[in-house]
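The next block holds one structure in the form of structure tokens; read it before the comments.
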Protein chains: 2
Amino acid sequence: MSKRSGILEFAVLGLLRESPMHGYELRKRLNTSLGVFRAFSYGSLYPCLKTLVAQGWLIEETAPDSDSPATPLAGRRAKIVYRLTAAGKEHFEELLAHSGPDAWEDEHFAARFAFFGQTSKDVRMRVLEGRRSRLEERLEKMRASLARTRERLDDYTLELQRHGMESVEREVRWLNELIETERAGRTDNRPGTGRADNDNNQENGGRPESRGTA
Amino acid sequence: MSKRSGILEFAVLGLLRESPMHGYELRKRLNTSLGVFRAFSYGSLYPCLKTLVAQGWLIEETAPDSDSPATPLAGRRAKIVYRLTAAGKEHFEELLAHSGPDAWEDEHFAARFAFFGQTSKDVRMRVLEGRRSRLEERLEKMRASLARTRERLDDYTLELQRHGMESVEREVRWLNELIETERAGRTDNRPGTGRADNDNNQENGGRPESRGTA
DNA sequence: TTCGTCATGTAATGGGTTACATGATTAC
DNA sequence: GTAATCATGTAACCCATTACATGACGAA
């Protein structure tokens with residue numbers, strides 16, 4: 001119960017894991033750094049934060065720097081800063097490792113991928129492979145549907161489907177490359193299976209070996 | 001007012017324009033033939049149909065074969081067949097030609113494209129070009145955001161953004177090809193600017209000249 | 001006769017947006 | 001001092017889904 005917003009909740013926990021923040025900043029990071037995949041409004045963010053606090057995963061810190069003007073640069077004059085609790089951290093790890101049936105959908109996957117820098121290698125592999133097989137299912141359905149309906153569709157509809165399939169195929173190739181790169185990486189990544197006692201595991205710097213952005 | 005479901009409404013009108021159907025079949029066509037971009041459930045379809053009827057865009061035909069058991073094969077026992085009214089047809093034309101600010105978003109565009117076979121050439125061009133410039137805006141934002149945040153992001157996040165941008169760039173190229181093909185096509189397409197009195201204008205068969213699916 | 005599919009709906013819920021209301025702080 | 005932006009929230013709504021309820025029809 002109180003199943004507040006899968007993706008938003010996940011993204012908030014993930015961002016707060018890196019460092020405490022207040023709502024406003026959180027929303028900006030959601031929509032810029034991580035925002036490639038989705039934009040959220042205050043109308044969803046603030047209620048979500050409340051339930052996360054109620055759940056014990058976050059604590060509000062009203063940041064009473066009332067008498068410490070020592071570092072005025074850190075924040076203008078701290079509003080409500082949210083910090084991840086130990087329980088929240090654990091919960092986030094669970095969400096990361098969780099392999100529900102919807103975990104491989106577009107937005108869920110993108111959100112998980114965005115936090116790969118904080119994810120252990122075995123989980124990364126599971127996510128990438130899960131996503132890939134999800135896409136392959138999708139491809140098969142598309143192919144089947146296409147074979148069934150064939151000639152009944154006009155050329156534009158056909159072209160639309162062709163382009164859609166090509167996009168999916170392209171993502172599969174992308175995943176293949178990522179998976180291979182992961183495989184080629186150091187195999188010693190084991191920061192505690194199930195318990196991330198090591199907190200951050202960037203032993204390889206989280207490098208997907210991007211091949212020439214330009 | 002009564003601004004029921006943009007895309008669903010549009011798709012329903014578009015499908016019914018081709019031929020009358022009952023809800024169940026409509027939903028299947030929505031999720032197979034046209035369903036590449038989105039799946040709808042009865043929970044949204046039936047209420048939508050009702051409002052469209054209330055609006056005067058559809059009429060329910062209970063298919064009164066009440067006393068003619070002559071052809072029990074035609075329909076098992078006629079359900080509720082929805083047929084587009086003249087007003088509905090007009091409304092659909094308006095929706096097709098309408099260039100609202102959200103008309104170029106992913107799903108809106110896909111839905112419009114799916115009905116290109118029933119769309120006049122000038123509208124097709126407007127839609128394709130609108131979509132393209134929308135994507136170009138998006139690209140600029142992404143580039144700006146990327147330039148701003150640069151080194152602050154880990155490699156996975158960067159890779160995600162890079163892949164996202166590549167996808168958008170790819171779609172832009174696709175649009176460029178489509179636009180060129182349209183331009184190269186016969187230029188005489190003028191079934192009445194603003195008024196589609198000609199109903200169907202497939203003079204060129206609606207051919208986007210797909211270049212080798214394999 | 002029972003099972004699968006066709007066929008139509010409704011109520012509760014979900015997960016989000018928009019528009020609104022409010023006020024502090026900074027830049028000019 | 002006034003405008004922009006930072007900052008936090010709420011209420012009303014939107015569009016859709018899920019799960020449920022119902023029933024006819026055809027095939028095994």
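Chain identifiers are assigned alphabetically (A, B, ...) following the order of the sequence lines, protein sequences preceding nucleic acid strands; residue numbering begins at 1 within each chain. It should be emphasised that the depicted structure is a prediction, and the values quoted were computed from it without experimental measurement.
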Next on the checklist: So, using salt bridge (Lys or Arg N to Asp or Glu O under 4.0 Å) as the criterion, who are the partners of B:Arg138 when residues are at least two apart?
Outcome noted: B:Glu105, B:Asp106
Item to check | Whole-Å distance separating the NE2 atom of A:His22 from the C1' atom of D:dT5 | outcome: 12 Å
Checklist entry - Atom CZ in B:Phe40, atom CG in B:Leu26: separation rounded to 0.5 Å? => result 11.0 Å
Checklist entry - So, B:Thr119 versus B:Arg112: side-chain donor-acceptor pair below 3.5 Å or not? => result no
Item to check | Pair A:Glu166 + A:Arg162: basic N to acidic O under 4.0 Å | outcome: yes
Checklist entry - Can you check the A:Met21 CE to D:dT8 C1' distance for me, whole Å? => result 17 Å
Checklist entry - What integer distance in Å separates A:Asn31:CG from D:dT5:C1'? => result 16 Å
Item to check | Integer-rounded Å distance: D:dT8 P and A:Leu45 CG | outcome: 9 Å
Checklist entry - Taking atom C1' of C:dG9 as reference, at what distance in whole Å does atom OH of B:Tyr24 sit? => result 14 Å
Item to check | Short side-chain N/O contact from A:Lys50 to OP1 or OP2 of D:dT10, under 4.0 Å | outcome: yes
Checklist entry - If you look at every heavy atom in A:Gly43 and A:Pro47, which pair is closest and at what distance? => result O-CG, 3.3 Å
Checklist entry - Out of D:dT10, C:dG9, D:dT8, which has the shortest distance to the side chain of A:Ile80? => result D:dT8
Item to check | Residues A:Glu171 and B:Arg170 bridged, charged N to O under 4.0 Å | outcome: no
Checklist entry - Nearest to the side chain of B:Lys28, which nucleotide is it out of D:dA16, C:dT10, C:dC6? => result C:dC6
Checklist outcome for this item: Regarding the side chain of A:Tyr82, the nearest nucleotide among D:dT8, D:dG9, C:dT8 is D:dG9
Checklist outcome for this item: From CG of B:Leu26 across to P of C:dC6 the rounded distance in Å is 15 Å
Next on the checklist: Need to verify one output field. Residue with the more 5' nearest nucleotide on DNA chain C, A:Phe40 or B:Tyr46?
Outcome noted: B:Tyr46
Checklist outcome for this item: Between CZ of B:Arg27 and P of C:dT5 the distance, given in whole Å, is 14 Å
Checklist entry - Roughly, in whole Å, what's the span from CD in A:Glu107 to C1' in C:dG14? => result 14 Å
Taking N or O atoms only and anything under 3.5 Å, show me the protein contacts with nucleotides 18-21 of chain D, one pair per line.
none

Checklist entry - What are the two closest non-hydrogen atoms of B:Leu8 and B:Ser44, and how far apart are they? => result CD2-O, 3.6 Å
